[in-house]
Enquirer: 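To start, I am sharing the structure in question, which I have written as structure tokens.
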Protein chains: 2
Amino acid sequence: MQSASTNSEQNLVTRQIILQAAYEEIYARGFQAASIAKILSTTDVTKGALYHYFPTKLDLGYAVVDELLAEQIQARWIEPLLIADDPISALKEIIIAAGQEISEEDIQCGCPLNNLAQEMSPVDEGFRLRVEAVYKMWRVGTEEAFKQGQRHGLVKQNVDPKNIAIMLVASLEGCIGMAKSAQSKNILYQCGQSIIDYLDGLRG
Amino acid sequence: MQSASTNSEQNLVTRQIILQAAYEEIYARGFQAASIAKILSTTDVTKGALYHYFPTKLDLGYAVVDELLAEQIQARWIEPLLIADDPISALKEIIIAAGQEISEEDIQCGCPLNNLAQEMSPVDEGFRLRVEAVYKMWRVGTEEAFKQGQRHGLVKQNVDPKNIAIMLVASLEGCIGMAKSAQSKNILYQCGQSIIDYLDGLRG
DNA sequence: TGACATACATACCAATCGGTAGGTATAACA
DNA sequence: TGTTATACCTACCGATTGGTATGTATGTCA
């Protein structure tokens, strides 16, 4: 028998508190500059507790990617796309919704996945593999949606869904990154509109 | 009178050695993780010399952006574009040339300007302003080239050169970032081809 | 030739870093 | 009830960080 519910539920709560605080600290400062001490001080968790759940800082970072970021991308960019029949309309709606919901802090900090990709890919292979797994999930999901769209005759037949997926994910990340550097919602919207124009050009 | 040539020339040499080593260290690890000690050990420069030319680490980082990165972008992405009559053909050539000349280390480390943009924009406003100045130069240069192209009837009249410039810079950075995460030249080329296709769609 | 500034060089410093050792309190289980 | 594992907690550690204080060698200039 495993431990009773009372205990293991509390465990997960503490673990989740640490994970969430780590996510925010990493999002704001990057992984390498993220301070364990800061994560502890923003919560009332002690160092012993943190190192009980995560043997190293690296493991904590990995968990943020595997559990939080993968889930975020899945929920926002993949699931609604796969449900829809028309991937072009669906993606346009997702982009517009994302633009509307975005906060000043988000503009300032950009995409948490791309942040980790750019910072950690050359530095730590474990990070790179995990981040790339999320990107691949994103690209494959997008590719599938556009294949479906082609089957339904809603997307041009003479384009390669795989290439479209790569281009879309890349330019979305580029768009967010540009807005982050310029700290400008205008640039975000102008770039988003260009992506939407590109999408409309794929109509079949 | 200023100091004689012998002296001030040597000065600039030492300064340039520091700047170059700093560039490489920052390119490989990011600014915050870049180690002054490492920069000194890869050169035979002492800490006294470094802090003689650059009062703080931040000033050293600023100089890398202002002097090295601005120059790189200008030489590779702006000058050849402004010389040409046809911006679309010119940019295609630049993209193809960049793809051919890129090394494994470059794939691994990505774009030094985008790296600093994503890492430092939320953390230090001085960095953000300097990086954004380079991006703006890049965008404005691209915009001018496309305006010229419109005047010569080589670019569609019903597109906004400013939006095109934003979209191009953003998707180029996104493309390099995606290839860096995937550590894949294939992805770089596929994404680059999509950008070229986009460019061809702008023909007037 | 003497005064002064430039261009380094060396030794040191406080602060912060991630991580660990060793304890305790609690709950599960035999 | 005694044993054992889980879930913490506190105090400490060595290493590294950017930065500084002090000294010196050299070249400039009046």
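Each chain gets a letter, A, B and so on, in the order the sequences are listed, and its residues count up from 1.
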Enquirer: Could you work out, with side chain to side chain contact (heavy atoms under 4.5 Å, CB included) as the rule, every residue matching B:Thr42, not counting sequence neighbours?
Expert: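 Residues passing side chain to side chain contact (heavy atoms under 4.5 Å, CB included) with B:Thr42: B:Ala21, B:Lys38.
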Enquirer: Please determine, by modelled atom types, if B:Asn186 and B:Gln190 share a side-chain donor-acceptor pair under 3.5 angstrom.
Expert: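 The criterion, which ignores hydrogens and geometry beyond distance, is not satisfied for B:Gln190 and B:Asn186.
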Enquirer: Who passes ring pair (Phe, Tyr, Trp, His ring centres under 6.0 Å) against B:Tyr62, sequence neighbours left out?
Expert: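 In terms of ring pair (Phe, Tyr, Trp, His ring centres under 6.0 Å), with neighbours along the sequence ignored, B:Tyr62 is linked to B:Phe127.
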Enquirer: Not counting sequence neighbours, list each pair that qualifies as a side chain to side chain donor-acceptor pair (under 3.5 Å) and has a residue in residues 160-172 of chain A.
Expert: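 Pairs touching residues 160-172 of chain A that pass the test: none.
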Enquirer: Is there a side-chain contact between B:Thr56 and the phosphate of D:dG18, meaning an N or O under 4.0 Å from OP1 or OP2?
Expert: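 No, no such contact exists.
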Enquirer: Please produce a list of atom pairs where a protein N or O lies less than 3.5 Å from an N or O of nucleotides 22-25 of chain C.
Expert:
none

Enquirer: Of the candidate nucleotides C:dT20, D:dG19, D:dT17, which contains the atom at the shortest distance from the side chain of A:Tyr51?
Expert: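 Of C:dT20, D:dG19, D:dT17, C:dT20 is nearest to the side chain of A:Tyr51.
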Enquirer: Ignoring the backbone of A:Ala49, work out which of C:dG19, C:dA9, D:dC8 is nearest its side chain.
Expert: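 It is D:dC8.
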Enquirer: Enumerate the salt bridge (Lys or Arg N to Asp or Glu O under 4.0 Å) contacts for residues 73-83 of chain A, please, sequence neighbours excluded, ordered by first and then second residue.
Expert: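 Checked against salt bridge (Lys or Arg N to Asp or Glu O under 4.0 Å) - neighbours excluded - the pairs reaching residues 73-83 of chain A are A:Arg76-A:Glu101.
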Enquirer: Considering every strand and a 4.0 Å limit on heavy-atom distances, what is the contact class for A:Ala34: base, sugar-phosphate, or nothing?
Expert: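 It contacts sugar-phosphate atoms only.
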Enquirer: Just jot down the ring pair (Phe, Tyr, Trp, His ring centres under 6.0 Å) partners of B:Phe54, sequence neighbours excluded, or say none.
Expert: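 Here no residue qualifies.
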Enquirer: With sequence neighbours left out, what residues match A:Tyr23 under ring pair (Phe, Tyr, Trp, His ring centres under 6.0 Å)?
Expert: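 So A:Tyr23 forms a ring pair (Phe, Tyr, Trp, His ring centres under 6.0 Å) with A:Tyr27.
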Enquirer: List in chain and number order the residues that pass side chain to side chain contact (heavy atoms under 4.5 Å, CB included) with B:Cys175, two or more places apart in sequence or in another chain; answer none if no residue qualifies.
Expert: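 Side chain to side chain contact (heavy atoms under 4.5 Å, CB included) check on B:Cys175 returns B:Leu188, B:Cys191, B:Ile195.
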Enquirer: Can you check each nucleotide of nucleotides 11-16 of chain C against protein heavy atoms at under 4.0 Å and return B for base, S for sugar-phosphate only, - for none, in 5' to 3' order?
Expert: ------
